[in-house]
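So you know, we letter chains A, B, ... as the sequences are listed, proteins then strands, and number each from 1.
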2 protein chains.
Amino acid sequence: MAQPIRLRQVSPLKASCHQCSLSNLCLPLAIEENELDRLEDIVQQGRIFNRGEHIFDQSTPFRSCFAVKSGAIKTSIISENGEEQVTGFFMPGELVGLDSMGSKNYACTAKALERTSVCEFPIDKLEELTGKLPDLQHHMYHLMSQEIQGSHQLAMLLSKNTAEERIAALLLSLSSRFQRRRMSGTNFSLPMARNDIANFLGLAVETVSRVFTRFQNQGIISARGREVELLDVEALQTVTREFARQNA
Amino acid sequence: MAQPIRLRQVSPLKASCHQCSLSNLCLPLAIEENELDRLEDIVQQGRIFNRGEHIFDQSTPFRSCFAVKSGAIKTSIISENGEEQVTGFFMPGELVGLDSMGSKNYACTAKALERTSVCEFPIDKLEELTGKLPDLQHHMYHLMSQEIQGSHQLAMLLSKNTAEERIAALLLSLSSRFQRRRMSGTNFSLPMARNDIANFLGLAVETVSRVFTRFQNQGIISARGREVELLDVEALQTVTREFARQNA
DNA sequence: CGCGAATTTGAAGCCCGTCAACAGCTGTGG
DNA sequence: CCACAGCTGTTGACGGGCTTCAAATTCGCG
């Protein structure tokens with residue numbers, strides 16, 4: 001038994017970024033084969049978190065970024081007064097912790113919404129490696145700027161759009177992220193509670209609930225609990241652009 | 001005349017990051033002396049833009065990041081429908097363009113709010129340099145993560161706070177940024193129009209105007225046009241925390 | 001099966017956006 | 001030098017979308 005275990009500690013772990021079905025979404029994206037090996041040298045794979053467990057906590061020392069392999073994670077910041085703001089939902093293939101890069105402590109708390117497995121990238125080794133691999137550094141810049149852009153989009157959604165538009169946008173965002181993983185873009189299960197949706201979109205829980213039933217009555221979606229089916233994607237896209245048309 | 005000019009092309013330009021009063025805010029922060037020289041090799045200094053001129057435009061090829069030397073810049077994104085969202089205001093010592101890092105095109109448009117001078121960092125050279133200088137790379141990561149965090153704070157402000165709280169927060173933010181430059185934190189001139197404030201904070205212009213007069217009637221501030229004096233900073237800080245107290 | 005949490009539904013109130021009109025400031029041209 | 005236009009900022013009135021409060025109902029898990 002000893003030998004097989006030893007082998008597993010080296011070979012399968014090293015090979016797994018190559019084999020990972022998410023390698024086209026995660027960090028290895030656009031990296032040369034031989035460079036991928038060096039990334040695998042620093043990654044700690046296969047950590048598992050149960051629903052509700054914290055991957056890391058705000059204001060604790062920043063040690064690592066995490067790539068979601070399966071499951072889902074929500075990040076949130078707690079202001080001095082204890083008010084929570086959900087800042088993002090992270091699906092498989094997405095990188096958590098970029099908002100803490102270059103800082104001493106984590107800027108937010110990351111919590112598993114369901115049973116979730118992640119790959120861990122120790123930040124000191126990651127920074128060292130990005131210094132050696134220009135493509136990887138470029139990709140890190142890209143991912144971080146994407147996060148900034150996404151946050152700006154969210155700010156736009158929050159400041160200019162109605163409840164219906166915000167929820168339609170979230171459903172479409174989730175849909176495209178499921179599709180990217182070759183899963184159904186019209187029939188999926190929401191990883192987060194209504195409460196999290198409301199907090200993320202800056203709405204009251206009751207409003208979220210009402211919009212869901214309204215969409216259902218209009219035949220745009222079909223929802224029972226967290227199970228959602230998008231019946232009329234075009235109608236949803238119309239809703240998100242509705243506001244624009246009126247103010248054109 | 002020829003010789004002095006030649007000398008100026010080398011010596012004063014190279015020395016200017018050292019001499020710049022903003023060097024403790026901008027990129028050179030926390031960089032070794034000899035490394036600062038290499039940063040100066042790639043920077044193009046002293047470009048001037050008049051009020052209203054664009055530093056760069058959304059969807060045009062991303063070439064450079066810009067550090068504000070004097071004046072002020074606003075960045076905004078235009079959605080497909082033509083709706084504008086102001087994403088940030090940039091004061092001297094702050095770096096513009098981080099949301100486009102690693103992308104092919106600029107993610108937003110940057111516009112001078114007043115006569116503004118900037119230092120330009122060509123992105124290809126900057127990326128190359130950050131690959132060689134770990135401290136500089138670390139600082140870039142830090143600046144970008146700060147931008148993500150700031151954007152999350154904005155989202156929180158937009159989704160949970162009243163008009164008064166948002167405007168109080170903006171005034172306090174501007175105040176501390178003026179103070180950082182050794183300028184008065186209680187008596188300053190707003191670089192942006194009411195319209196920009198409203199757009200940035202997700203409010204109607206009329207609401208911004210009303211809150212300004214309300215603050216004035218309460219003796220918290222004194223404002224005439226863009227000239228603002230903070231008469232009671234503590235009261236402003238209380239306003240921003242008011243919401244929290246009620247929901248504690 | 002039973003309890004607490006999550007979700008849904010209803011009713012009432014309020015903050016803020018919209019519409020409208022006015023005032024203030026700036027620059028231009030007669 | 002003043003008049004006018006255009007833009008920016010201010011003030012008032014009104015309506016609507018969302019929050020809040022309250023309670024019923026369902027869901028989830030031991």
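Taking atom CD of residue B:E227 and atom C1' of nucleotide C:dC25, one finds them 14 Å apart after rounding to whole Å. Following rounding to the nearest Å, B:F212 (CZ) and D:dT11 (P) show an atom-to-atom distance of 12 Å. One interatomic measurement links the two molecules: CD of A:E165 to C1' of C:dG17, which rounds to 14 Å at whole-angstrom precision. Residue B:E164 contributes atom CD, which lies 16 Å from atom P of C:dC14 at whole-angstrom precision. B:L158 has its CG atom 16 Å from the C1' atom of D:dC18, to the nearest Å. For B:L113 and D:dT8, the CG to C1' distance is 15 Å, given to the nearest whole Å. Here D:dC18 presents its P atom at 12 Å from CG of A:L157, a figure rounded to the nearest Å. Between B:L203 atom CG and D:dT10 atom C1' there is a gap of 16 Å when expressed in whole angstrom units.
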**OP:** Going 5' to 3' through nucleotides 21-30 of chain D, assign each nucleotide B (protein heavy atom under 4.0 Å from a base atom), S (under 4.0 Å only from sugar-phosphate atoms) or - (no protein heavy atom that close).
**Re:** BB--------

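The side chain of A:S209 lies closest to C:dT7 when the candidates are D:dT19, C:dT7, D:dC18.
Regarding contacts with the backbone of C:dC15, every side-chain N or O of B:T207 stays at 4.0 angstrom or more from both OP1 and OP2.
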Considering only distance and modelled atom types, tabulate donor-acceptor pairs under 3.5 Å from the side chains of residues 105-115 of chain A, sequence neighbours left out.
from, atom 1, to, atom 2, distance (Å)
A:Y106, OH, A:R63, N, 3.4
A:Y106, OH, A:S64, N, 3.0
A:Y106, OH, A:S64, O, 3.0
A:T109, OG1, A:Q58, N, 3.0
A:R115, NH1, A:N50, OD1, 2.4

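Rounding to the nearest 0.5 angstrom, the gap separating the OG atom in B:S222 from the CZ atom in B:F215 is 14.0 Å. How far CG of B:L170 is from CG of B:L203: 10.0 Å, rounded to the nearest 0.5 Å.
Looking at B:T238, its side chain does come within 3.5 Å of a backbone N or O of B:E234 through a donor-acceptor pair. A donor-acceptor pair is defined here as one N or O able to donate and one able to accept, closer than 3.5 Å; such a pair exists between the side chain of B:S175 and the backbone of B:G185.
Where B:V205 and A:R166 each meet DNA chain D at their nearest nucleotide, the meeting point lying more 5' is that of B:V205.
Between the two ends of the helix from C:dC1-D:dG30 to C:dG30-D:dC1, each summarised by a five-pair axis, the helix axis turns through 40° (rounded to 10 degrees).
Taking B:E164 as the reference, B:R214 meet the side chain to side chain donor-acceptor pair (under 3.5 Å) condition, with sequence neighbours excluded. Under the ring pair (Phe, Tyr, Trp, His ring centres under 6.0 Å) criterion, B:F90 pairs with no residue, sequence neighbours left out.
Residues from residues 188-201 of chain B that place a heavy atom under 4.0 Å from any atom of DNA chain C: there are none.
Between B:F89 and B:D196, the closest side-chain pair of non-hydrogen atoms falls below 4.5 Å. Using a 4.5 Å cut-off on side-chain heavy atoms (C-beta onward), A:F200 and A:L154 make contact.
With respect to B:K160 and B:E165, no salt bridge is recorded, no charged nitrogen being found less than 4.0 Å from a carboxylate O.
Side chains of B:S76 and B:E84: a donor on one and an acceptor on the other come within 3.5 Å.
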